[in-house]
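Take a look at the structure below.
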Protein chains: 2
Amino acid sequence: MVRMNPDLRRESIVAATLAVMQRQGIAATTVRDVAAELGTSSGLIHHYVTSMDELITEAFERAAGEDLERAAAAVGSGSEPIERLRRFFESYTRADDDSGMQLWLDTWAEAARRPALQQASRRLNEAWQRLLCTLIEDGCAGGVMGSDDPEGTAWRLLSLLDGLTLQCVAHGDTVTPEQVMLWSHRAAEMELGLPQGTLT
Amino acid sequence: MVRMNPDLRRESIVAATLAVMQRQGIAATTVRDVAAELGTSSGLIHHYVTSMDELITEAFERAAGEDLERAAAAVGSGSEPIERLRRFFESYTRADDDSGMQLWLDTWAEAARRPALQQASRRLNEAWQRLLCTLIEDGCAGGVMGSDDPEGTAWRLLSLLDGLTLQCVAHGDTVTPEQVMLWSHRAAEMELGLPQGTLT
DNA sequence: GGAGTTATTGGACAGGTGCGCAATAGTGAT
DNA sequence: ATCACTATTGCGCACCTGTCCAATAACTCC
């Protein structure tokens, strides 16, 4: 039996959990499924993790945290405000990642019944809002865009993106990712006093 | 044993199911819970209903259909376009009904795993879109408001409302129903070329 | 080699799920 | 009173869930 670093073992369990969650949804993710994904037994999972709830929350935090970090890097303060805004939208909508979108929706619903998950979800939500808010404030300071209430504008735009993503993930044939980008661009142009077509 | 009209009995089962769904969420609604709500046995449920899936879908359709009918009546073509729009927003956000909002979110997530529910959800979704679209077109025809793409505008506004409702139901202390109304009004004013403050 | 420690297994446990079914209670017509 | 019929019960079935635990395997250190 290979003696692994316990932290690494835990890490691989969390990764397997995430994979199962993306494939089957949070509610349908069971200890035995995770064990099968790793090719081990269910008892082992509980040797490294105290409860299923903890495992699910940790897997979500890992995935969502990485998404956020990637976005923060892509939106980095180096380039032009308009371009940064465009990149933010692309990162947030996860348009290239079906299973990610599904998991995102799942989290909203499950959060109501899993306090730990709700807390994690809220933290992530606020971090995204802060990222966009800073971005808008930078643009305003540079005179590229305008908003009399950057925080409110950020919430409105994020809510629009949430709603569009909702349509996309649940009724994908009615609203496509391309429309999500187009419509969010138009809304942002209106909100920020940009000439129509600036973002697209 | 009182011999009831079978349709009435079925009706009461659906009503009980809806009550349990609103209280516990769709995923946690079981045959035994519904039976307990009615004060009968679980076997009786299956005497009138073939499967749990069917029961859940029917309960959702009933509740959502009634919501839509109420909204259509409230938005009736009698009054002024601006007032009709305001009433539409109020109806759609279900701001006065916490359990209704929770069920709405639940439906989105569950739809991914219950085909029948997904179909029902989609039908309802399109009906709401049509209602708002007609409303916008009426306003445009009357010269009260303007939009170069009524259908797109309707989708955008509904998506914004969805996103705001999402925030409201999951993180209620961050986004209040009042803000949902205010922000959706502002967005609608921008979209429809109305002077700021017209709706509020 | 053996001792001590950890990793891992596989199954037991109590509880829950949807569904089906034989048995019973009640009803209305004859 | 008898009959056919329906309503209703309550339990059984097979399956699934998270969690726990004794037994075993593998490793490290002496």
Side-chain angles (χ1 to χ4, degrees), chain A residues 1-21 23-60 106 109-118, chain B residues 1-21 23-60 106 109-118:
Chain A
M1 186 167 308
V2 184
R3 181 175 290 241
M4 278 188 79
N5 180 335
D7 290 343
L8 277 183
R9 205 83 181 93
R10 197 178 209 279
E11 183 79 6
S12 75
I13 292 176
V14 172
T17 308
L18 181 58
V20 178
M21 277 166 60
R23 198 178 330 122
Q24 311 181 351
I26 295 179
T29 298
T30 71
V31 186
R32 285 163 179 82
D33 289 337
V34 176
E37 177 84 12
L38 279 169
T40 65
S41 63
S42 72
L44 184 67
I45 309 293
H46 279 91
H47 192 251
Y48 292 92
V49 168
T50 61
S51 81
M52 199 59 202
D53 240 70
E54 175 191 323
L55 189 49
I56 284 173
T57 305
E58 195 163 329
F60 164 74
D106 239 38
E110 285 292 321
R113 269 174 288 288
R114 294 179 200 256
L117 191 60
Q118 170 154 25
Chain B
M1 187 167 307
V2 184
R3 181 174 291 238
M4 278 190 80
N5 180 336
D7 290 343
L8 276 183
R9 204 83 181 94
R10 198 179 207 281
E11 183 80 5
S12 75
I13 291 177
V14 172
T17 308
L18 181 58
V20 177
M21 277 166 59
R23 199 178 330 121
Q24 310 181 351
I26 295 178
T29 298
T30 72
V31 186
R32 286 163 179 83
D33 289 337
V34 177
E37 176 85 12
L38 279 169
T40 65
S41 62
S42 71
L44 184 66
I45 309 294
H46 280 95
H47 192 250
Y48 291 92
V49 168
T50 61
S51 81
M52 200 58 202
D53 240 70
E54 174 190 325
L55 189 49
I56 284 174
T57 305
E58 195 162 329
F60 163 75
D106 239 37
E110 285 291 321
R113 268 174 288 288
R114 294 179 200 257
L117 191 60
Q118 171 153 25

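Order of the sequence lines fixes the chain letters, A, B, ..., with proteins taken first and strands second; residue numbering starts at 1 for each chain. In what follows, every heavy atom counts, from backbone to side chain, and hydrogens, waters and symmetry copies are set aside.
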Whole Å only: how far is the [atom1] atom of [X] from the [atom2] atom of [N]?
X	N	atom1	atom2	value
B:L55	C:dT17	CG	P	15 Å
A:M52	D:dT17	CE	P	10 Å
B:I13	D:dA7	CD1	C1'	11 Å
B:Y48	C:dG20	OH	C1'	17 Å
A:R10	C:dA7	CZ	P	13 Å
B:I26	C:dG18	CD1	P	14 Å
A:H47	D:dA25	NE2	P	17 Å
B:L44	C:dC19	CG	C1'	14 Å

Measure the shortest side-chain to side-chain distance between [X] and [Y] over non-hydrogen atoms and say whether it is less than 4.5 angstrom.
X	Y	result
B:T40	B:R9	yes
B:I45	B:T17	no
A:V14	A:L18	no

Select base, sugar-phosphate, or nothing to describe what A:T30 touches, counting heavy atoms under 4.0 Å on all strands.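 Sugar-phosphate: the residue A:T30, judged by heavy atoms under 4.0 Å, touches backbone atoms but no base.
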Contact class for B:S42 vs. all strands (heavy atom < 4.0 Å): base, sugar-phosphate, or nothing?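 If one applies the 4.0 Å heavy-atom cut-off, B:S42 turns out to touch a base.
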Does A:H46 make a side-chain N or O approach to OP1 or OP2 of D:dT19 shorter than 4.0 Å?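 A:H46 to D:dT19 OP1/OP2: side-chain N or O found under 4.0 Å.
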Taking only N and O in the side chain of B:R9, is any of them less than 4.0 Å away from OP1 or OP2 of D:dT8?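 The answer is yes; a side-chain N or O of B:R9 sits under 4.0 Å from OP1 or OP2.
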Which nucleotide, [options], lies nearest any side-chain atom of [X]?
X	options	answer
A:R32	C:dG10, C:dG18, C:dA12	C:dA12
B:S41	D:dT8, C:dG20, C:dA7	D:dT8
B:S51	C:dT8, C:dC19, D:dT19	C:dC19

Might you point out which heavy atoms bring A:Q24 and A:T29 nearest each other, and give the distance in Å?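 Nearest heavy atoms, A:Q24 then A:T29: OE1-CA, 4.5 Å.
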N-O pairing of B:D106 and A:R113 below 4.0 Å: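 The answer is yes: the pair qualifies as a salt bridge.
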